[in-house]
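See structure below.
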Amino acid sequence: MSGSLLSGDATNGAGLLLALALLFPLVLAVGLSFPAARARIGTLLAIAPLPALAVALLGNGARFVMPGPFRLTLALDASGAMLMGAAALLWTAAALYAPAYWQGGSMLRRAGLWWLFTLAGSLGVFVADDVVSFYLLFSLVSLAAYGLVVLEGNSSVRRAGAIYVGFAVLGEAFLLIAFVLLANASPGGSLAIADVVQGLPFSPWRDWTLLFLILGFGTKMAQVPLHLWMPLSYRATPIPAVAALSGAAVKAGVIGLARFLPFDSGSVPWGELLTVIGMISAFYGVLVGLTQTNPKAILAYSSISQMGVIAAVLGMGLAAGRASAPAEATFYAVHHLFAKGGLFLAIGVVAATGRWRIWPVFIPAAFVALGIAGLPLTGGALAKLAVKDALGYGLVGTLGKLSAIASTVLMIRFLTVLRGTARTDAGEALAPLTLRLVWWGVAALAVLAPWILLTPATGYPLSDAVSPSTLFDGIWPLAIGGLLAIGGRRLLPNPPRIPPGDILALLRPVGRLAGAASVAIERTEARLREWPIAGAIFLGLVLAFSIAMYLAGSS
Amino acid sequence: MTTPLALPFPADTTPGGFLLVLAILVPIIGILLIWTLGSRRTELVALTTLAIGAAIALAILTELTGTGSAVIYLVGGWRPPLGLALRADGLSVVLIVLTAIVIGAVGIFAKGQFGYDPDAPEKRAPTVFWTLLLGISGALNLIFLGDDLFNLFVAIELVTFTAVPLVCLDGKAETMRAALRYLLFALLGSVMYLLGVALIYSGYGTLDIALLKSVARVEPLLFIAIALMTVGLLAKTALFPLHIWLPAAHAGAPAAASAVLSALVVKGSFFIILRLWFDILPAEATGLGAQMLAGLGALAILFGSVIAICQARLKLLIAYSTVAQIGYLFLMFPLATGSEATPAFASIAWTGGILQLASHAFAKAAMFLAAGLVYDAFGHDRISGLAGAGRVIPITFIAFGLGGMSLMGLPPSGGFSAKWLMLNASVGEGQWWWAAVILCGGLLAAGYVFRVLVPAMARPLARIKVKGPVSRRRELVALALAIMALLIGFVPLEPAPLLGIGRGAEAGLLVPGGLAP
Amino acid sequence: MTETAFFDTLLVVTMIGLAIWMIVVRDVFAAIIGFMAFGLLLSLVWLRIEAPDVGLTEIAVGGGATGVMLLRARGLASAGDAMNAVPSVPFRVLVGVLAGAVALFLGALVVFPPAVAPTLAPLAAEHLASTGVGNPITAVLMAYRAFDTFLETVVVLLALIGVWSLTPDGAWGARPRVASADVPAPLLLLAQWLVPLGIVIGIYITWVGADEPGGKFQGATILAAMWMLVMMAGLRSAPALSSRRLRIALVVGPAIFIAIGVSGFHFAGAFLAYPDGLAKPLILAIEAGLLISIAAMLGMLLAGPPLEGDRP
Amino acid sequence: MTGATFDTATLYGLCGAALVGIGLFGLVLDPKPIRKILAFNLVGAGVFLVFGVIARRGAAAGFGGDPVPQALVITGIVVAFSATALAVTLVQRLSSAATDAGQPGQAASVPPKGETGTPGQGDAAS
Amino acid sequence: MSLLADLFTVAAVTLGLVFFVAGTVGIIRFPDSLSRLHALTKADNLGLGFIVLGLLPQCAGVFDALKLLFIWLLVQFAGATGAQLVARVLRREERP
């Protein structure tokens with residue numbers, strides 16, 4: 001494990017800008033301790049992501065290597081730039097949205113520190129180029145987001161926060177062991193991600209590494225067995241923060257899988273496993289989502305479902321050894337980022353508008369929501385198109401289509417619940433202008449941005465998007481979904497109510513078991529601390545060690 | 001009657017050698033001055049002594065890195081086996097500098113505590129505290145420098161006699177009970193260690209570690225002697241089943257004292273075990289014993305962390321966290337075995353273990369000082385009563401949080417680099433079960449750190465009752481220590497050459513920086 | 001069985017019997033008296049294995065001073081609060097077996113020693129001349145391993161500071177109460193006659209230690225005992241903790257040791273080295289200083305910390 | 001393993017080993033701290049006897065025994081005495097503090113559950 | 001001459017031992033502690049005296065002989081004081 005740790009050339013001009021762009025939110029965070037800066041916190045949060053956005057747009061091929069012992073290397077490639085730019089846009093939108101949504105500055109000030117740290121982490125994780133920096137930025141975004149989850153501070157929120165932290169730390173433990181296995185197998189001990197992934201197929205612990213990678217990033221992407229934290233924490237987090245979290249922060253899992261899975265050499269069993277997990281999450285998310293009443297919970301389950309689709313895309317890519325799968329998945333993720341973030345913002349706007357004035361706000365929500373299900377001519381359709389080849393045309397392809405149908409039903413369910421949340425007391429009330437402007441902006445991004453990014457990201461010509469076959473492919477799942485939704489509402493008017501964090505109830509016995517175990521451990525420890533027993537153990541250890549050394553020595 | 005020792009001690013006093021003597025002598029001179037110059041200048045003398053001690057530690061470091069070989073001093077000019085030698089290799093210099101920094105920081109923290117007032121007549125607590133703090137500093141320097149087993153016995157007695165009165169400095173009944181329990185268990189340990197020293201002398205005629213390395217034969221006498229000494233020292237290091245005295249002692253002691261006890265004192269006896277197992281015991285005899293030590297370490301991590309999570313009081317939680325973190329150190333034994341190509345001290349687990357020792361020392365000192373500040377601010381340290389405390393004394397809880405980050409092993413802390421190296425070593429050596437233990441420990445550590453931070457940082461339901469103001473200087477000392485725990489995380493993730501200086505080639509006698517002549 | 005073997009066996013059996021009795025007997029006072037007798041027998045053993053110096057130390061410090069220290073604690077009704085429950089019989093058997101096994105391992109090593117008994121005696125004898133001291137043990141204590149002896153004085157000093165740190169805050173700086181209210185006449189007589197004699201013996205033993213068995217620790221213990229006798233008889237009250245003379249007495253020994261040791265840097269090329277020819281006077285100077293300090297330390301250790309209500 | 005030697009030194013060596021065993025038994029089991037201190041001194045005596053036997057066997061160059069272990073024993077005895085002094089004073093202060101605080105010495109059978117409960121509080125008033 | 005000295009030593013030392021045995025029997029047999037104290041001091045001092053007397057001819061020089069006598073005097077002195085103090089404690093315990 002010697003020699004220069006990081007291959008690749010040293011810092012270039014754009015790389016320096018990239019580093020400064022990531023450092024900027026942290027500098028602002030330190031600035032928050034001065035009262036003058038705290039007063040204008042709204043503007044600070046808004047300008048924080050802008051340098052990163054600029055670098056994402058301009059600085060392609062940027063590369064930064066931190067000199068000296070501080071191991072931090074950053075590199076901007078195409079998918080990294082795309083995700084970072086999109087995340088920066090969403091964070092800016094949320095930052096503009098927040099002051100208007102929270103009116104008083106007290107909530108904003110309390111969120112300030114955590115907001116800036118999560119922002120720095122979520123932008124940085126897309127551009128980290130070596131294992132340790134990736135782990136550093138990944139833990140920054142996971143743990144700093146905790147501060148945003150427990151902003152409201154009441155007891156149920158704190159429980160959600162505790163579960164969030166539990167899963168976050170569990171995910172990080174998986175990732176740590178995965179990265180250790182990767183680092184051990186990387187040629188020449190270099191920690192750069194490219195070298196590490198190159199060494200993965202030949203590593204003696206290949207299967208263990210892939211398992212822990214999938215478990216670690218699966219927790220972040222809330223795939224089925226490890227998805228409990230998402231519904232609870234998204235319900236607990238206030239709108240501006242959850243918009244940014246659901247949009248940008250979750251994508252850390254996507255970029256992780258995209259970077260660390262060996263797509264060029266590929267591995268069939270693990271690829272199929274990832275696809276199965278993805279598909280299960282996709283359908284599970286929709287099924288449980290339908291039973292929810294709170295719009296934020298429905299969107300949370302929709303996120304689980306969409307992340308499932310992305311996981312399936314990456315899984316198929318890994319199984320088929322399809323080098324372009326990560327780029328397609330990233331493109332799909334960018335659309336989801338805007339759409340999901342936008343819909344959360346929409347909930348805030350609708351809640352503030354009167355029943356009669358809802359339409360100018362509700363129509364774009366419908367477009368974006370159905371876009372997720374693949375409404376033709378919207379960003380969603382392009383996203384579906386991008387991943388269609390990756391999913392292939394066999395069983396998984398059809399499952400892809402079925403998931404589109406399922407998403408349609410779920411989105412229609414979401415729209416009906418959303419309409420219900422409009423203010424009935426002041427029918428004519430209008431949400432503050434900034435809220436509506438920000439919402440419209442993000443909705444536009446969700447619908448239009450994929451059009452701009454399609455060819456550079458995935459290489460499909462725009463003409464494919466408008467060709468009659470894709471239009472037809474987009475329409476029929478929506479039609480069937482619509483029919484199902486209308487029929488469903490008539491057949492079972494009140495579907496069963498499942499509390500968010502559905503199988504959490506299953507965890508309760510596990511919790512009790514852990515409680516009993518810790519009581520047992522405490523009792524044995526108290527007995528062990530009695531003097532005679534400790535003395536006897538002391539003598540026993542003397543004998544044990546001498547015998548142990550005797551055996552080791554004589555053998 | 002021929003003496004079996006054909007090889008005389010090879011090394012002579014190296015130029016910088018006198019620094020080693022000063023490192024031990026200066027604190028003792030400080031103690032004598034405190035007791036003669038009267039209470040007016042107690043703190044002044046103590047703090048200047050600590051400053052001089054720190055300067056000496058840095059001088060030894062520069063001397064070592066300058067010559068690239070161990071700094072040796074033959075006390076009285078007599079050559080071992082008859083006389084005593086002091087020997088500073090890379091590892092001991094790192095620990096001496098660590099001790100100087102932590103005790104210096106604690107000294108700054110404790111300035112003005114215990115009701116010290118230069119003009120008033122002498123009070124018990126300040127005079128005794130400063131004397132014992134200097135005593136611990138001198139004793140630990142002796143442990144890290146001593147090369148003679150009986151000399152090390154006197155050193156660990158010095159440590160015990162300075163640590164026990166610190167535990168019951170506040171004179172309450174239960175701290176005295178904890179101190180008595182600590183003293184008696186430590187005495188059991190040291191008398192067993194002394195028995196081991198006797199057996200080593202009966203077998204080899206010398207007590208000098210460097211000489212023993214070349215003479216030690218694989219025979220029952222050596223095994224029983226090393227077993228007695230190891231278990232005796234385990235009792236003083238409070239490794240899991242023998243940790244009965246630590247929680248009450250470290251929780252009862254005043255904050256400044258428990259910081260030094262937890263961060264440094266338990267590490268002293270660990271260091272001697274390290275020298276026994278890596279410098280005396282022939283490598284082929286360490287296999288099973290090393291697995292046992294690490295097994296006890298794993299139990300320590302599990303039991304210590306789980307019980308830390310269940311504790312009601314902050315200082316007890318931190319004390320049990322010490323019991324758990326000590327377990328990590330013992331994972332070094334099976335992992336730092338080294339192979340033919342790389343000797344033990346060049347393996348990554350060796351650097352990882354020492355990094356863990358150093359980052360735990362900084363983090364734990366910061367956390368205990370923070371606990372002391374919490375007690376100053378709120379008059380109690382019940383965790384349940386700390387809701388919203390983070391808003392009253394934010395710097396303290398930031399220090400506690402950064403310390404906790406290092407314990408959990410989150411980057412960029414020293415704890416993370418240590419965990420990373422130990423994980424690499426356990427995967428590299430194919431002993432994956434230690435990796436599972438390390439990860440479990442990290443999760444559990446997150447458990448008890450968040451258990452304190454979550455209520456502290458949350459919005460309090462009821463206004464928290466503040467007992468008194470907290471001095472900013474003390475909060476900054478705690479924060480500085482916590483930041484040190486993070487800074488050492490930036491050490492390059494590979495075997496540190498500094499730790500290899502002076503360990504020379506494995507073969508034959510340990511000659512500074514080269515093969516035996 | 002030669003006569004000496006019979007005597008040795010009788011001595012060993014008595015000692016082991018006494019040790020077991022001490023552990024088993026219920027009354028703490030009886031156990032302590034048994035321990036003092038044990039100390040006397042032990043010093044006989046040291047004479048049998050040709051270690052008169054150690055015999056002296058054992059009877060002065062091990063048997064005598066420790067016995068007195070334990071006697072002073074005997075006054076407690078309960079000999080201290082119980083630290084643990086009385087364990088069940090099977091557990092006691094288990095501990096018995098474990099302790100027995102450790103003793104067995106030890107016994108085996110004693111009965112089967114290494115082929116050649118390693119010794120540093122020839123090496124010590126070879127350099128004895130340069131230390132200017134006749135008694136080899138004093139040579140080891142004051143020259144070859146002088147560093148250990150110096151550190152040991154610091155250990156005793158720190159133990160004393162530890163004992164003093166247990167003083168209640170109100171009584172810091174006060175005089176420990178040693179004499180009882182009414183001092184019995186015979187004790188007074190004993191003190192008046194024995195103390196001057198004891199001081200002469202103590203100094204003699206320290207002086208003779210250079211060439212014959214003896215030494216400063218033994219001498220200092222005798223002086224400390226005489227000082228205790230004076231305090232018990234009420235002829236002098238114990239010095240106050242804050243008295244400057246007491247502190248000077250405590251510090252003079254280590255201070256001289258350091259001074260001569262550090263002067264060794266310049267004059268003799270190493271810390272604690274003596275310039276050749278000057279070794280003996282320097283060693284005697286150190287021993288004189290240590291005699292005073294250790295006598296003061298042991299005396300104050302025996303006197304114990306001042307308690308509530310003592311006045312300076 | 002060389003042949004068993006049996007002379008006076010070995011006899012006293014076995015006596016030392018026995019004392020260590022008996023002392024450990026007492027130190028581990030006896031509930032009273034004074035008895036534990038007594039047992040500690042017994043173990044100490046046993047260990048020093050082992051040192052003495054080693055010195056006796058190393059007799060050479062005209063001395064009755066190897067001076068180095070004998071010197072170590074003298075240092076050991078003084079250190080053991082200091083430890084006993086500290087321990088005894090602690091026990092004395094503990095029982096007087098307990099009686100002052102109105103808690104008569106706890107009955108032997110109840111082990112003090114003090115540690116897990118509420119250990120004393122940090123530093124004196126600062 | 002030395003034969004006579006040896007005979008004298010053996011006789012005196014045996015006589016001394018007899019007195020020690022008497023003292024020990026006294027401790028075991030006597031009813032109350034005061035009389036036991038009496039037996040102890042009287043018999044043992046006398047016994048020691050005879051032993052010292054017996055050893056005098058064996059001494060190398062006059063100086064050693066004086067040392068032996070001096071030891072006997074010391075034991076006498078300490079024994080007497082000790083007995084007085086123990087008796088005082090015994091009487092104080094009996095009175096209340």
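We name chains A, B, ... by the order of the sequence lines, and we start the count at 1 in each one. Atom set for the values below is all heavy atoms of this structure, side chains included, hydrogens, waters and symmetry mates excluded.
- Looking at D:Leu72, only its side chain comes within 4.5 Å of chain C, counting heavy atoms on both sides.
- Distance check: D:Leu24 CG to C:Leu98 CG gives 10.0 Å after rounding to the nearest 0.5 Å.
- Rounding to the nearest 0.5 Å gives a distance of 8.5 Å between OG1 of C:Thr66 and CD1 of D:Ile77.
- Both the backbone and the side chain of C:Pro168 come within less than 4.5 Å of a heavy atom in chain D.
- Both the backbone and the side chain of D:Val78 have a heavy atom closer than 4.5 Å to some heavy atom of chain C.
- Residue C:Phe38 touches chain D through its side chain alone, counting heavy-atom pairs closer than 4.5 Å.
- For C:Leu94, no part sits under 4.5 Å from any heavy atom of chain D, backbone or side chain.
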Determine whether D:Thr8 and C:Glu50 satisfy the following criterion, side chain to side chain contact (heavy atoms under 4.5 Å, CB included), listing intermediate values before the conclusion. CA-CA 11 Å; D:Thr8 11; C:Glu50 306 291 341; over 6 Å; no
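- Both the backbone and the side chain of D:Leu49 come within contact range of chain C, each with at least one heavy atom under 4.5 Å from a heavy atom of that chain.
- Contacts between C:Ile137 and chain D at a heavy-atom distance below 4.5 Å involve backbone atoms as well as side-chain atoms.
- At a 4.5 Å heavy-atom cutoff, the contact between D:Val73 and chain C is made by side-chain atoms alone.
- Side-chain contact between D:Tyr12 and C:Val110 is absent, with no heavy-atom pair separated by less than 4.5 Å.
- Within the model, atoms CG of C:Leu301 and CG of D:Leu86 stand 8.5 Å from one another, a figure rounded to the nearest 0.5 Å.
- Proximity to chain C involves both the backbone and the side chain of D:Leu14, based on heavy atoms less than 4.5 angstrom apart.
- Contact count against chain D (heavy-atom pairs under 4.5 Å) is highest for C:Val45 among C:Val102, C:Val155, C:Leu11, C:Val45.
- The shortest heavy-atom contact between C:Ala121 and D:Asp66 is N-OD1, 3.7 Å.
- Across D:Val68, D:Leu29, D:Thr84, the residue that shares the most heavy-atom pairs under 4.5 angstrom with chain C is D:Leu29.
- With a 4.5 Å cut-off on non-hydrogen atoms, C:Val156 touches chain D through its backbone and its side chain both.
- By the 4.5 Å heavy-atom criterion applied to side chains, C:Leu307 and D:Arg93 are counted as neighbours.
- With a 4.5 Å cut-off on non-hydrogen atoms, C:Glu126 does not touch chain D at all.
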Please test C:Asn84 against D:Lys36 for side chain to side chain contact (heavy atoms under 4.5 Å, CB included), starting from the C-alpha separation and ending with a verdict. CA-CA 11 Å; C:Asn84 55 290; D:Lys36 285 193 194 296; 3.3 Å; yes
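- Of the atoms belonging to C:Pro87, it is side-chain heavy atoms, and not backbone ones, that fall under 4.5 Å from chain D.
- Annotation: maximal heavy-atom pairing with chain D below 4.5 Å, among C:Ile294, C:Asp8, C:Leu141, occurs at C:Asp8.
- If you measure heavy-atom distances from D:Phe25 to chain C, the contacts under 4.5 Å come from both the backbone and the side chain.
- Between C:Thr57 and D:Phe48 there is no side-chain heavy-atom pair separated by less than 4.5 Å.
- Within the 4.5 angstrom heavy-atom criterion, only side-chain atoms of C:Leu42, from C-beta onward, approach chain D.
- Note that CD1 of C:Ile20 and CD1 of D:Ile22 are 4.0 Å apart. Values are rounded to the nearest 0.5 Å.
- Inter-residue side-chain proximity for C:Thr221 and D:Phe81 is flagged as unmet; no heavy-atom pair is nearer than 4.5 Å.
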Test side chain to side chain contact (heavy atoms under 4.5 Å, CB included) on C:Val25 and D:Arg35; report intermediate values, then the result. CA-CA 10 Å; C:Val25 75; D:Arg35 305 295 294 262; 3.9 Å; yes
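- Heavy-atom pairs under 4.5 Å with chain D were tallied for C:Pro136, C:Ala103, C:Ala159, C:Ala124; the largest tally goes to C:Pro136.
- In this structure, C:Val86 and D:Pro31 approach most closely via the heavy-atom pair CG2-CG, 3.8 Å.
- Using a distance-only test at 3.5 Å, with no hydrogens or angles considered, no donor-acceptor pair links the side chain of D:Arg57 to the main chain of C:Ala117.
- Top candidate by heavy-atom pairs under 4.5 Å with chain C, chosen from D:Val50, D:Val53, D:Asn41, is D:Asn41.
- Residue with the most contacts toward chain D among C:Leu298, C:Leu160, C:Val54: C:Val54 (heavy-atom pairs, distance under 4.5 Å).
- Heavy atoms closer than 4.5 Å to chain C are found nowhere in D:Ala55, neither backbone nor side chain.
- Scanning both residues, D:Ala18 and C:Ile16, for their nearest heavy atoms gives CB-CD1, 3.7 Å.
- C:Met22 is listed as a side-chain neighbour of D:Leu38, based on a closest heavy-atom distance under 4.5 Å.
- The CD1 atom of C:Ile23 sits 8.5 Å away from the CG atom of D:Leu27 when rounded to the nearest 0.5 Å.
- Neither the backbone nor the side chain of C:Val13 comes within contact range of chain D; no heavy atoms are under 4.5 Å apart.
- Contact detail for D:Gln70 and C:Ile49: the closest heavy-atom pair is NE2-O, 4.5 Å.
- Options D:Gly26, D:Gly13, D:Ala85 differ in how many heavy-atom pairs under 4.5 Å they form with chain C, and the most are formed by D:Ala85.
- In this structure, CG on C:Leu56 lies 8.5 Å from CD1 on D:Ile74, to the nearest 0.5 angstrom.
- Comparing D:Gly44, D:Gly52, D:Ala9 by heavy-atom pairs within less than 4.5 Å of chain C, the highest count is held by D:Gly52.
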